[in-house]
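Since we're looking at a predicted model, the values are computed, not measured.
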Amino acid sequence: MITSTRSSAGELSATAARHLLLHMTPNGSLGPEGEDLFVVRCGEGPYVEDADGRRYIDGLSGLYCCQLGYSYGPEFAEAAEKQLRELCYSPLWTGSAHPTAIELAERLSRIAPVDIEHTFFCGGGAEAVETAWKIARRHHALNGEPGRTKAIARRGAYHGLTIGALSLTDDPGLTDPYGPPAIDTRFVSNTSRFGLAPEFADDTAFTAHLLAELEAEILAERPETIAMLIAEPVQNRGGCITPPQGYWQGLRALADRYGFLLVADEVITAFGRVGEWFGGDLYGARPDMVTVAKGITAGYAPMGATLVSTQVAEVINRPGAVLNHGYTFAGHPLSAAIALRNLEIMERDRILDNVRGLQDNLANRMTALTDLRIVGDVRGAGFFYSCELVGDLDGGGFSDRARADLIVGLIPRRLREAGLLARVYNRSAPLVQIAPPLISDRALLDRIAAIVAGTLAEASARL
């Protein structure tokens, strides 16, 4: 037996190598000499501690989910204890429901985008995406259009790793090991302007270009075969890619014209990440469905949900219709109680106002990083930013040596040495990404930006 709070990182790594399979990780690299991070204790506010007692700013909010940081444990523990004493488990299955899930569904309807009134609970983001797909297929079939069997997603996006959700991703490194996709998906451009022609700096021109490409794809595939289009208000993968003005209004117009459903994947952007309850609210989105997870419970319990418009719900709820879909732990009483307490705290402590009041300062600090040679672009909104890195080769790429020295070695090492947990992508477009807890104050955000700036300045000097 190992007691994590009293074991060193080396001991934990050795035990993990024998017994634990980590996610998205070369597990064969685990061992007593590894540099793996083992977070064992919550600190106050935005801080966590590792197995060797070092303290870090959690600059990624866990994995984009710990919106409130780590000082609210007693409140969530109180909510959890109360719920577990009243009702520890009850399924949302075959006519069964429980009060806490019902209350949460009603609460979500009050903050959801316009026309979104219904909630289908699940366990996490990928399940929420698969649920959206099943609801879309069922909706069209009940409307006499069973031939709508295709989805449209954006290049470079990520919507989860279950076999259905994975179909909506065009990364062969993720998809090829698992064979043909479960969903017939077509991919169109995302909204990144970095490296594009200068005329696309204009929102009107860029939006028109993106929507024309999308419409051409719809027509080429035949509109009557398209079931849904899924997109994130701010695309995480590829580096916090924001949309141009008018883009989401254009998506709504095309969905209405050609009869497919529009899905906003808000697994990361919902619950305050960009200063609004839902990221789509920032850009005028009017989706038919919204997928959420992560911030719905501030990381204190697992939960996901697919939020569904009245128009769609009226079809799948027709007399005699059945949505043959469900999950054992969907809407679990414990998770629902945690989610309700989270929403209560966010309103009481004016968490959205904190993001709105500080987001311009963070934007200015992050945008200033483009003065560094290694930073090609900075993108983001709210408390959600990425730096796209450019290297030592013509066209902005990195040589194998520079990639190994800087992206794999120096940058993540220096960030951690400075006490910051951030994300460093080592893919075709290397990125440094931050998503700090929404309770962060100006001094902390300035500290995060300064650590990133100092690290990237050192990396720039080595190019």
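Between His332 and Phe121, the ring centre distance reaches or exceeds 6.0 Å. In this structure, Phe271 has its ring center closer than 6.0 angstrom to the ring center of Phe278.
Arg273 places no side-chain N or O within donor-acceptor distance of the main-chain N or O of Phe384, the cut-off being under 3.5 Å. Looking at Ser167, its side chain never comes within 3.5 Å of a backbone N or O of Pro181 through a donor-acceptor pair. Under the 3.5 Å distance criterion, the side-chain polar atoms of Ser192 are left unmatched by any main-chain donor or acceptor of Ile241. One N or O on the side chain of Ser460 and one on the backbone of Leu456 form a donor-acceptor pair closer than 3.5 Å. At distances below 3.5 Å, not a single donor-acceptor pair connects side-chain atoms of Asp265 with backbone N or O atoms of Ala231. The closest donor-acceptor contact from the side chain of Arg365 to the backbone of Ala449 lies at 3.5 Å or more, if one exists at all. Looking only at distances, a side-chain donor or acceptor of Arg155 sits under 3.5 Å from a matching main-chain atom of Phe187. Looking at Arg403, its side chain does come within 3.5 Å of a backbone N or O of Arg427 through a donor-acceptor pair. Listed for the Lys294 side chain is a donor-acceptor partner under 3.5 Å among the backbone atoms of Leu63. When atom types are taken as modelled, the side chain of Thr367 and the backbone of Asn364 share no donor-acceptor pair closer than 3.5 angstrom.
Smallest separation of non-hydrogen atoms from Leu92 and Gly331: CD1-CA, 3.8 Å. Across all their heavy atoms, Arg154 and Thr191 have their closest contact at NH1-CG2, 3.6 Å. Summarising the geometry of Gln433 relative to Cys240, their closest heavy-atom pair is NE2-SG, 3.3 Å, with the distance given to 0.1 Å. Of all non-hydrogen atoms in Leu372 and Ala453, the two that sit nearest each other are CD1-O, 3.9 Å. Across all their heavy atoms, Phe398 and Leu463 have their closest contact at CE2-CD2, 4.2 Å. Across all non-hydrogen atoms, the minimal contact from Pro244 to Thr207 is CG-OG1, 3.2 Å.
Here Arg356 pairs with Glu276 in a salt bridge; the nearest charged N to carboxylate O distance falls below 4.0 Å. Here Arg341 pairs with Glu78 in a salt bridge; the nearest charged N to carboxylate O distance falls below 4.0 Å. Checked for salt-bridge contact, Asp281 and Arg286 miss the test: no charged N lies under 4.0 Å from a carboxylate O. Under a 4.0 Å N-O distance rule, the pair Glu49/Arg54 does not qualify as a salt bridge. Residues Glu458 and Arg462 are paired through a salt bridge, judged by an N-O separation under 4.0 Å between the basic side chain and the carboxylate.
In this structure, Glu86 places its CD atom where more than 12 heavy-atom neighbours from other residues, nucleotides or ligands lie under 6.0 Å away. Atom CZ of Arg110 has more than 12 heavy atoms from other residues, nucleotides or ligands within 6.0 Å.
Leu334 has its side chain out of reach of Thr100: every pair of non-hydrogen atoms, C-beta onward, lies at least 4.5 Å apart. A 4.5 Å side-chain heavy-atom check between Val263 and Asp288 finds every atom pair outside the cut-off. With a 4.5 Å cut-off on side-chain heavy atoms, Val390 and Phe194 count as touching. Looking at Glu266 and Thr291, their side chains never come closer than 4.5 Å, going by heavy atoms from C-beta outward. Counting heavy atoms from C-beta outward, Val292 and Leu108 have side chains that stay 4.5 Å or more apart. Residues Glu347 and Trp277 meet the side-chain proximity criterion, which asks for heavy atoms closer than 4.5 Å. Taking 4.5 Å as the limit, every side-chain heavy atom of Glu388 sits out of range of all side-chain heavy atoms of Val375. By the 4.5 Å heavy-atom criterion applied to side chains, Leu420 and Thr455 are not counted as neighbours.
Taking the ring centre of Tyr47 as origin, the terminal cationic atom of Arg55 falls inside the region bounded by 6.0 Å and 45° from the ring axis.
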Intermediate values then yes/no, side chain to side chain contact (heavy atoms under 4.5 Å, CB included), Leu445 and Arg442 = CA-CA 5 Å; Leu445 296 174; Arg442 179 166 181 160; 5.7 Å; no
Mind running side-chain hydrogen bond (donor to acceptor under 3.5 Å, both in side chains) on Ser386 and Arg423 for me, showing each step along the way?
-> CA-CA 9 Å; Ser386 286; Arg423 195 165 199 179; over 6 Å; no
Derivation of the side-chain hydrogen bond (donor to acceptor under 3.5 Å, both in side chains) call for Asp50 and Tyr56 | CA-CA 8 Å; Asp50 71 9; Tyr56 302 88; 2.8 Å; yes
For side-chain hydrogen bond (donor to acceptor under 3.5 Å, both in side chains), just list the numbers for Thr169 and His159, CA-CA rounded to whole Å, side-chain angles, deciding distance to a tenth of an Å, and then say yes or no.
-> CA-CA 7 Å; Thr169 294; His159 299 285; over 6 Å; no
Under the side chain to side chain contact (heavy atoms under 4.5 Å, CB included) rule, what do Thr269 and Leu282 come out as? Steps first, then yes or no, please.
-> CA-CA 10 Å; Thr269 53; Leu282 193 63; over 6 Å; no
Please lay out, stage by stage, how Arg193 and Asp203 fare under the test side chain to side chain contact (heavy atoms under 4.5 Å, CB included).
-> CA-CA 10 Å; Arg193 289 186 248 211; Asp203 272 11; 2.7 Å; yes
Verdict with supporting geometry, Asn342 and Tyr72, side chain to side chain contact (heavy atoms under 4.5 Å, CB included) = CA-CA 9 Å; Asn342 177 47; Tyr72 289 93; over 6 Å; no
Passes salt bridge (Lys or Arg N to Asp or Glu O under 4.0 Å), Glu81 versus Arg85? Steps please.
-> CA-CA 6 Å; Glu81 181 181 16; Arg85 289 185 182 277; 2.9 Å; yes
Take Asp441 and Asn354, measure what side-chain hydrogen bond (donor to acceptor under 3.5 Å, both in side chains) needs, and give me the verdict at the end.
-> CA-CA 8 Å; Asp441 60 18; Asn354 187 61; over 6 Å; no
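The distance from atom CG of Asp446 to atom OG of Ser440, rounded to the nearest 0.5 Å, is 11.0 Å. To the nearest 0.5 Å, atoms CD1 (Ile163) and CD1 (Ile183) are separated by 10.0 Å. Interatomic distance, Ile448 CD1 to Leu362 CG, rounded to the nearest 0.5 Å: 7.5 Å. Within the model, atoms OH of Tyr283 and OG1 of Thr242 stand 5.0 Å from one another, a figure rounded to the nearest 0.5 Å. Interatomic distance, CD of Glu11 versus CG of Asp52, reported as 9.0 Å (0.5 Å rounding). Of the inter-residue distances, the one linking Asp377 atom CG with Thr370 atom OG1 reads 8.0 Å to the nearest 0.5 angstrom.
Sorted by first and then second residue, the side chain to side chain donor-acceptor pair (under 3.5 Å) pairs involving residues 113-127 (not counting sequence neighbours) form an empty list.
Each of Cys65, Cys122, Ser335 was checked for a side chain to side chain contact (heavy atoms under 4.5 Å, CB included) with Pro302, and the lone residue meeting it is Ser335.
Using a 30° and 60° split on the angle between ring planes, Tyr89 and Phe329 fall in the perpendicular class, above 60°.
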